[in-house]
Amino acid sequence: LGTAPLNNFLHSFSRHPDGICECKQGKETVEHFVMSCPQHMVPRTRLLQEIKRSYNTRSQPTLTRLLSCDNRSFKAMSTFLKEVTRFEPP
């Protein structure tokens, strides 16, 4: 996701006018997209619940944990990305 076609990344190549997320609440960075964008609240809630369940913890998962190459995190993140449909082909 570090070089995913999110608006802030696209802006660095003049492919987006300002890098702002469609929600208008900040730049569309990986952190914003995964951790705070209100447009993804429902899928993010499911993602965080799945990570907490699979790691048997109550603590809030960090972005680093969510993006880890661990199989549990990878599966949960893959599901999240399918649910938000941001990267679906046109």
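In this chain, numbering begins with 1 at the start of the sequence shown. Given the structure is predicted, the values throughout are model-derived calculations rather than measurements.
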- request: Enter the distance from D70:CG to S54:OG here, rounded to the nearest 0.5 Å.
  value: 7.5 Å
task: Can you measure from CZ (F80) to CZ (R44) and round to the nearest 0.5 angstrom?
output: 6.5 Å
Can you tell me if [X] uses its side chain to pair, donor with acceptor, with the backbone of [Y] under 3.5 Å?
X: R72; Y: E50; value: no
X: H40; Y: P43; value: no
X: H16; Y: L10; value: no

If every non-hydrogen atom of [X] is compared with every non-hydrogen atom of [Y], which pair is closest and at what distance?
X: N7; Y: I20; answer: ND2-O, 3.0 Å
X: S73; Y: I51; answer: CA-CD1, 3.7 Å
X: K52; Y: P61; answer: CE-CD, 3.8 Å
X: C21; Y: Q39; answer: SG-OE1, 4.4 Å

task: Step through the shown structure and confirm whether more than 12 heavy atoms of other residues, nucleotides or ligands are within 6.0 Å of CD on E22.
output: no
- prompt: Only one of K75, K82, E83 forms a side-chain contact (heavy atoms from CB on, under 4.5 Å) with T79, so which one is it?
  reply: E83
Honestly curious: do [X] and [Y] fall in one hydrophobic cluster under the side-chain, below-4.5 Å linking rule?
X: V30; Y: L48; answer: yes
X: V34; Y: F74; answer: no
X: F33; Y: L67; answer: yes

task: Would you verify whether the NZ or CZ of R65 falls within 45 degrees of the ring axis of Y55 while also being under 6.0 Å from that six-membered ring's centre?
output: yes
field: Pairwise salt bridge (Lys or Arg N to Asp or Glu O under 4.0 Å) hits with a residue in residues 25-40, at least two apart
entry: E28-R86
task: Report yes if some heavy atom in the side chain of L6 is under 4.5 Å from a heavy atom in the side chain of N8; otherwise report no.
output: no
